[in-house]
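Beneath this line is the structure, given in structure tokens, with notes to follow.
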Amino acid sequence: MTADLFENLDASAPIREQLAVGAVLLRGFARPRQHELVAAIQAITAQATFRRMFTPGGHQMSVAMTNCGEVGWVTDRSGYRYDAIDPDSGRPWPSMPPLLRDLAEQAAAEAGFAGFAPDACLINCYEPGAKMSLHQDRDERNMGAPIVSVSLGLPATFLFGGPKRSDKSQRYRLEHGDVVVWGGPARLAFHGVAPLADGEHGLLGRKRINLTFRRAR
Ligand code: SIN
Ligand code: FE2
């Protein structure tokens with residue numbers, strides 16, 4: 001056994017994997033709060049239901065989305081943007097529960113980005129076959145803040161590359177409770193999710209839910 005494996009046996013030390021300078025995978029970081037998280041997501045989606053949005057090019061996304069927070073990420077024929085109003089309901093997005101905000105803030109601090117104050121949380125729902133093509137998160141005004149991404153439910157293959165689309169990307173398996181944080185020199189890294197393999201998750205059934213926290217404004 002290596003020293004690393006022994007370190008991971010210490011329950012207080014998160015199991016971390018460095019993806020790039022400024023990018024870290026915190027394995028199982030959200031797991032202790034899994035039940036509260038799922039309940040909070042259910043309460044949000046009861047007010048702002050999942051919907052499959054259209055890209056500016058007119059393609060319907062395979063991932064269903066909703067948001068909570070002061071603003072939410074939306075896409076339609078006129079482009080990508082953050083909006084304080086849910087276009088489906090005409091009402092503000094549900095507010096971000098303190099449980100979610102605290103988790104994002106703590107994961108960011110653990111990754112070296114203390115003081116993260118997210119104002120937006122995009123909630124992605126993947127069913128088997130759903131995917132997200134390689135992209136950068138660049139609709140935020142504040143590139144000084146990191147992105148915090150929480151995975152729940154079925155495992156997924158996460159692709160993480162560099163600042164250019166042509167940079168080679170590495171594949172990581174993201175499981176229930178894993179959190180990825182990227183910021184600083186990795187803030188504009190291309191990333192995506194391979195088509196979700198079918199399966200059955202004990203808590204969420206045949207789906208994967210991903211929460212992506214951002215400082216949009
Ligand atoms: C995203 O880039 O918005 C989603 C990433 C993920 O689902 O893990
Ligand atoms: Fe993204």
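Positions are given from 1 along the sequence. Since this is a predicted model, take the numbers as computed values, not measurements. We use all heavy atoms of the structure for the numbers below, so side chains are in, but hydrogens, waters and symmetry mates are not.
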(request) Please lay out, stage by stage, how Ile41 and Leu211 fare under the test side chain to side chain contact (heavy atoms under 4.5 Å, CB included). (result) CA-CA 9 Å; Ile41 294 163; Leu211 308 172; 3.9 Å; yes

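- Contact of the Val179 side chain with the Ser151 side chain is not registered, since no non-hydrogen atoms from C-beta on lie closer than 4.5 Å.
- Placement of Phe113 and Met96 within a single hydrophobic cluster is found when ILVMFWY residues are connected by side-chain heavy-atom separations under 4.5 Å, directly or transitively.
- A search for salt bridge (charged side-chain N to carboxylate O under 4.0 Å, His left out) contacts involving Lys131 returns nothing, not counting sequence neighbours.
- For Asp102, the salt bridge (charged side-chain N to carboxylate O under 4.0 Å, His left out) test picks out no residue, with sequence neighbours left out.
- Val74 is listed as a side-chain neighbour of Arg81, based on a closest heavy-atom distance under 4.5 Å.
- Every residue two or more places apart in sequence or in another chain that forms a salt bridge (charged side-chain N to carboxylate O under 4.0 Å, His left out) with Glu17 is listed here: Arg27.
- For Leu203, the side chain to side chain contact (heavy atoms under 4.5 Å, CB included) criterion is met by Gln34, His35, Val38, His176, His201, not counting sequence neighbours.
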Begin with the C-alpha distance, continue with both residues' side-chain angles, and end with the deciding distance and a verdict on side chain to side chain contact (heavy atoms under 4.5 Å, CB included) for Phe160 and Leu25.
CA-CA 11 Å; Phe160 196 83; Leu25 163 53; over 6 Å; no

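- The backbone N or O of Thr45 lies less than 3.5 Å from no partner atom in the side chain of Thr66, so there is not a single donor-acceptor pair.
- At a threshold of 4.5 Å between side-chain heavy atoms, the hydrophobic network of Ile, Leu, Val, Met, Phe, Trp and Tyr places Val24 and Leu188 in two separate groups.
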- side chain to side chain contact (heavy atoms under 4.5 Å, CB included) evaluation trace for Leu154 with Leu204: CA-CA 8 Å; Leu154 288 178; Leu204 287 172; over 6 Å; no

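- For Arg187, the salt bridge (charged side-chain N to carboxylate O under 4.0 Å, His left out) partners two or more places apart in sequence, or in a different chain, are Glu140.
- At a threshold of 4.5 Å between non-hydrogen side-chain atoms, the residues Pro97 and Ile44 count as touching.
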What donor-acceptor contacts under 3.5 angstrom involve side-chain atoms of residues 141-148, with partners at least two apart or in another chain?
{"unit_1": "Asn142", "atom_1": "OD1", "unit_2": "Gly144", "atom_2": "N", "d": "2.9"}
{"unit_1": "Asn142", "atom_1": "OD1", "unit_2": "Ala145", "atom_2": "N", "d": "3.3"}

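- Judged by distance alone, the side chain of Arg214 and the main-chain N or O of Ala120 form no donor-acceptor pair under 3.5 Å.
- With hydrogens and angles ignored, the 3.5 Å screen pairs a side-chain donor or acceptor of Asp178 with a backbone N or O of Gly28.
- Other members of a hydrophobic cluster containing Phe54 are absent, since no ILVMFWY side chain comes under 4.5 Å of it, directly or through relayed contacts.
- For the salt bridge (Lys or Arg N to Asp or Glu O under 4.0 Å) condition, the pairs that include at least one residue of residues 190-202, sequence neighbours left out, are Asp198-Arg206.
- Residues Leu196 and Met132 fall within the same hydrophobic cluster, defined by Ile, Leu, Val, Met, Phe, Trp and Tyr side chains chained together at heavy-atom separations under 4.5 Å.
- For residues 152-165, the set of pairs meeting the salt bridge (Lys or Arg N to Asp or Glu O under 4.0 Å) definition, not counting sequence neighbours, comprises Lys164-Asp167.
- Under the 4.5 Å side-chain criterion, counting only non-hydrogen atoms from C-beta, Phe213 is in contact with Leu100.
- Within the structure, the side chain to side chain donor-acceptor pair (under 3.5 Å) test picks out the following pairs touching residues 49-59 (sequence neighbours left out): Arg51-Asp86.
- Partners of Tyr80 under the side chain to side chain contact (heavy atoms under 4.5 Å, CB included) rule, at least two apart in sequence or in another chain, are Pro56, Trp73, Thr75, Asp139.
- Between the side chain of Arg77 and the backbone N or O of Gly79, no donor-acceptor pair lies under 3.5 Å.
- Under the 4.5 Å side-chain heavy-atom criterion for Ile, Leu, Val, Met, Phe, Trp and Tyr, Leu152 and Tyr172 are members of distinct hydrophobic clusters.
- With sequence neighbours left out, Asp119 forms a side-chain hydrogen bond (donor to acceptor under 3.5 Å, both in side chains) with no residue at all.
- Cluster membership for Phe50 and Tyr126, using ILVMFWY side-chain heavy atoms within less than 4.5 angstrom, is not shared.
- Between the CG atom of Leu19 and the OG atom of Ser169 there is a distance of 11.5 Å, given to the nearest 0.5 Å.
- The main-chain N or O of His135 is found under 3.5 Å from a side-chain atom of His191 such that the two form a donor-acceptor pair.
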Check your understanding: Between Phe29 and Leu103, does a side chain to side chain contact (heavy atoms under 4.5 Å, CB included) hold up when you go through it step by step?
Key -> CA-CA 9 Å; Phe29 192 86; Leu103 174 70; 3.9 Å; yes

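- In terms of heavy atoms, Ala107 sits closest to Leu26 at O-CD1, 3.7 Å.
- Under the 4.5 Å side-chain criterion, counting only non-hydrogen atoms from C-beta, Trp182 is in contact with Ser149.
- Under the 3.5 Å distance criterion, the side-chain polar atoms of Arg171 are left unmatched by any main-chain donor or acceptor of Ala194.
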